[in-house]
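I have placed the structure first, in the form of structure tokens, so that the comments after it can refer back to it.
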Amino acid sequence: MDEERSLNFIEQIVENDLQEGKNDGRIQTRFPPEPNGYLHIGHVKAICMDFGIAEKYKGVCNLRFDDTNPVKEDVEYVDSIQRDIQWLGFQWGNVYYASDYFQQLYDLAIAFIKHGMAYVDEQTAEQIAEQKGTPTEPGVASPYRDRPVEENLRLFQAMQNGEIEEGKMVLRAKIDMANPNMHFRDPIMYRIITSHPHHRTGRKWNVYPMYDFAHGQSDYFEGVTHSICTLEFVVHRPLYDYFIDKMIEFGFQRNPKDVNDRTHQFEFNRLNITYTVMSKRKMLQLVQEGLVAGWDDPRMPTVCGLRRRGYTASAIRRFIDAIGYTKVEGMIDVGLLEHTIREELKETAPRMLAIFDPVKLVITNYDKAGETIIAENIDGKPELGNREMPFAKELYIERADFQEEGNKDFFRLSPGGREVRLKNAYIIQATGCEKDAEGKITTVYATYDPDSKSGTEGGNRKTKATINWVECTSCVDVETRLYDRLFACENPSAEEGDFRDLLNPNSLQVVTCKAESALRKEMKPLPIDGGVPELHHYQLLKNGFFVVDQDTTAEHLVLNRTASLKDNWQK
RNA sequence: UGCCUAAUGGUGUAAUGGUAGCACUACAGAUUCUGGUUCUGUCUGUCUGGGUUCGAGUCCUGGUUAGGCAACCA
């Protein structure tokens with residue numbers, strides 16, 4: 001019997017609403033990104049919530065682009081957002097745009113004016129900000145606050161007709177300049193934008209609604225029942241409700257039979273992860289200043305970055321599932337994200353041998369030619385197939401696997417020391433080494449036991465260590481990009497000063513290693529599936545999980561390290 | 001000197017008035033043809049004062065601390 005997983009607080013609200021028969025048992029959510037950047041893992045948390053609730057309670061989740069600010073938005077982002085959501089494995093009901101509602105919102109604004117609840121303000125942005133007061137002091141009224149309705153109507157129409165210069169006038173809701181909630185101090189409903197065409201409506205509109213005058217109404221027009229967002233919008237909720245109340249009052253009611261058929265906003269905690277930044281502004285800066293290679297740089301917390309790093313959609317979703325939803329603003333250890341991808345890849349990623357810091361090993365008593373070893377892709381999982389490994393007298397091994405002077409804590413090769421297994425092959429024993437003029441070891445010598453081959457009866461002998469090797473003539477050079485955390489400190493956003501000074505200088509290390517010949521099959525351009533390069537994962541034994549990078553060509557194989565293996569052998 | 005949120009091991013999250021549990025991390029031991037994995041075990045927690053109750057992490061109340069709110073951004 002499975003332990004019943006407890007509901008998060010949003011699911012509890014939804015189940016209560018369902019029990020009470022709200023909205024006729026209808027569940028509708030939406031994911032409302034602004035198309036002004038690439039999706040990051042913080043968005044994924046929202047996506048899993050919005051789509052997850054709809055899926056779980058047999059409702060629908062629509063994708064709505066909140067495209068009310070043409071200055072910052074672009075179709076490029078519309079496309080990438082859709083691609084990323086689909087890659088994550090979610091399916092929306094419809095694609096909507098806030099710009100679909102520009103006419104309705106304009107009509108609604110006219111209604112506000114006619115009811116004496118909105119006015120055109122001609123002050124500068126600075127003057128308006130100044131009059132807003134502070135959280136502890138009330139604001140003061142604009143001199144234009146009591147303009148006659150007809151004048152407001154005329155001026156607002158002039159704004160839309162393009163007769164007024166950008167920045168010269170705004171439409172404000174007439175609410176309460178002394179309200180303890182700053183958002184109620186006559187919030188701006190509309191501003192003029194003529195400098196940029198809208199990516200969908202072109203030059204049709206010269207006035208554009210602000211978030212607070214667009215978001216709730218858009219939810220309402222669509223029939224959203226649960227409008228779920230992050231905690232920083234808690235203070236907006238009263239205004240969200242206010243505008244919808246007025247809209248119903250003014251006869252813009254969606255379902256005339258039922259005043260309770262309406263949307264409510266709920267808020268959960270935003271995702272913060274150690275050693276990274278999640279702000280679009282900072283991420284944009286990293287990209288534009290070339291501090292990372294692009295939005296899909298494998299160090300970036302973007303969906304495309306994580307994907308290029310080798311994170312699978314299922315691992316990302318399991319991570320989101322593991323961290324949960326609450327109202328506590330916390331900081332998630334990036335180690336948990338790494339744990340989820342290791343958990344998956346350890347079951348699925350074929351193993352390969354590669355040598356990162358090679359030294360030649362000569363097996364002095366080996367004289368066979370053309371020997372090939374058959375190795376399982378994953379030990380103990382024959383169903384995942386096997387591969388061929390050429391074996392010969394001369395191999396490369398890791399420099400760190402040989403010590404001229406061993407000790408009891410060192411399990412690997414040293415002259416006269418322990419017997420050591422060559423992975424999937426023979427047991428050897430070091431006999432000595434050769435050095436160059438600087439004293440650097442150039443060759444290690446060993447003898448092997450011909451009866452100790454893996455898989456044979458004589459091969460059952462235990463050794464304390466097993467080491468990596470590749471055969472010298474067949475191995476292939478592979479560029480590996482070894483990634484580490486982007487920032488050197490846990491919470492870059494909390495530090496004083498410029499966040500760029502906190503970058504980890506060693507977040508990318510490029511090393512060419514010698515990998516076993518089986519990896520040659522990857523030396524071709526990566527197939528593209530649905531606009532997204534396919535992910536081919538490997539574990540380079542003892543080194544970590546790697547994924548084939550899209551820079552790979554027929555001549556040049558590039559592997560990104562997704563995550564290292566845990567290493568308890570440090571001292 | 002405002003309004004709004006919140007506070008459970010190092011981190012994240014459960015417990016919905018009735019045994020403070022799970023995951024990650026850390027540490028120890030066992031296993032292992034990866035010093036990985038796996039298994040076993042250990043450490044560590046209800047912000048604080050008062051109240052209600054047979055019983056409070058949970059309810060009430062005072063405090064403390066942290067975060068959000070003063071864009072013609074979303």
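Lettering of chains follows the sequences in order, A, B, ..., and the numbering in each one begins at 1.
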Interatomic distance, A/Leu337 CG vs B/rG12 C1' [rounded to whole Å]: 13 Å

d(CD, A/Gln265; C1', B/rA74) in whole Å: 12 Å

Sequence neighbours excluded - side chain to side chain donor-acceptor pair (under 3.5 Å) pairs with any residue from residues 33-49 of chain A: A/Glu34-A/Asn36, A/Asn36-A/Lys280, A/Tyr38-A/Glu76, A/Lys45-A/Asn269

Nucleotide nearest A/Glu34 when distance is taken to its side chain, options B/rA6, B/rC73, B/rU11: B/rC73

Separation between the C1' atoms of B/rG12 and B/rA7, rounded to whole Å: 14 Å

Length of the line joining A/Leu336:CG and B/rG12:P, which is rounded to integer Å: 11 Å

Distance, rounded to the nearest Å, where A/Asn179 contributes CG and B/rC4 contributes C1': 12 Å

Exercise: do A/Glu222 and A/Tyr101 side chains pair donor with acceptor under 3.5 Å: yes

Set of residues satisfying side chain to side chain contact (heavy atoms under 4.5 Å, CB included) with respect to A/Pro390, sequence neighbours excluded: A/Glu471, A/Ser474, A/Ser517

Listed partners of A/Lys423 passing side chain to side chain contact (heavy atoms under 4.5 Å, CB included), at least two apart: A/Leu353, A/Asp379, A/Thr466, A/Trp469, A/Leu541

Qualifying residue for side chain to side chain contact (heavy atoms under 4.5 Å, CB included) with A/Leu395, from A/Ile363, A/Asn468, A/Val470, A/Ile428: A/Ile363

A/Met331 CE to B/rU25 P, straight-line distance once rounded to whole Å: 19 Å

Which residue lies more 5' along RNA chain B, comparing A/Ala465 with A/Asp212 via nearest heavy atoms: A/Ala465

Nearest-neighbour nucleotide for the A/Thr136 side chain, B/rG2, B/rA7, B/rA74 considered: B/rG2

Pairwise P distance, B/rG29 and B/rG36 [rounded to whole Å]: 13 Å

Watson-Crick and G-U pairing of RNA chain B written in dot-bracket, each distance under 3.5 angstrom, with | for inter-strand partners: .((((((..((((....[..)))).(((((.......)))))....(((((..]....))))))))))).....

Gap in Å between the two P atoms, one belonging to B/rG10 and one to B/rU48, rounded: 13 Å

Euclidean distance for P, B/rC27 against B/rU53 (whole angstrom): 49 Å

RNA chain B-proximal residues of residues 62-70 of chain A, any heavy atom under 4.0 Å: A/Asp66, A/Thr68, A/Asn69

Whole-angstrom distance between B/rU38 and B/rC59, as gauged at atom C1': 45 Å

For A/Ile85, side chain to side chain contact (heavy atoms under 4.5 Å, CB included) partners two or more places apart: A/Phe31, A/Leu39, A/Ile47, A/Phe51, A/Leu63, A/Ile81, A/Phe90, A/Trp92

Residue pairs, two or more places apart or on separate chains, that pass salt bridge (Lys or Arg N to Asp or Glu O under 4.0 Å) and touch residues 176-193 of chain A: A/Arg145-A/Asp186

Whole-Å distance separating the OH atom of A/Tyr275 from the C1' atom of B/rU11: 12 Å

Partners meeting side chain to side chain contact (heavy atoms under 4.5 Å, CB included) with A/Gln285 (sequence neighbours left out): A/Arg281, A/Glu289, A/Phe499, A/Arg500

Given A/Thr276, A/Leu337, A/Ile332, the one that forms side chain to side chain contact (heavy atoms under 4.5 Å, CB included) with A/Ile41: A/Leu337

Contacts under 3.5 Å, N or O only, protein and nucleotides 36-46 of chain B:
unit_1, atom_1, unit_2, atom_2, d
B/rG36, OP1, A/Asn568, ND2, 2.6
B/rU37, O3', A/Lys346, NZ, 3.4
B/rU38, OP1, A/Lys346, NZ, 2.6

Look for any protein N or O under 3.5 Å of an N or O in nucleotides 68-71 of chain B and output each such pair with its distance, or none.
unit_1, atom_1, unit_2, atom_2, d
B/rC69, O2', A/His183, NE2, 3.0

Rounded C1' spacing from B/rC54 to B/rC47 in Å: 27 Å

Heavy-atom check, side chain of A/Phe233 versus side chain of A/His215, under 4.5 Å: no

Cation over ring face, A/Arg200 and A/Tyr97, 6.0 Å, 45°: yes

Interatomic distance at C1', B/rG41 relative to B/rU34, whole Å: 24 Å

Most 5' of A/Pro32 and A/Tyr325 on RNA chain B, judged by nearest nucleotide: A/Tyr325

Carboxylate-amine/guanidinium proximity below 4.0 Å for A/Glu338 and A/Lys566: no

Within residues 155-164 of chain A or reaching into it, pairs that qualify as salt bridge (Lys or Arg N to Asp or Glu O under 4.0 Å) - sequence neighbours excluded: none

Partner set under salt bridge (Lys or Arg N to Asp or Glu O under 4.0 Å) for A/Asp67, not counting sequence neighbours: none

Distance (rounded to the nearest 0.5 Å) between A/Arg318 CZ and A/His339 NE2: 9.5 Å

Atom P, compared across B/rU58 and B/rG18: separation rounded to whole Å: 11 Å

Phosphate-side-chain proximity, A/Asn272 and B/rG12, N/O vs OP1/OP2 below 4.0 Å: no

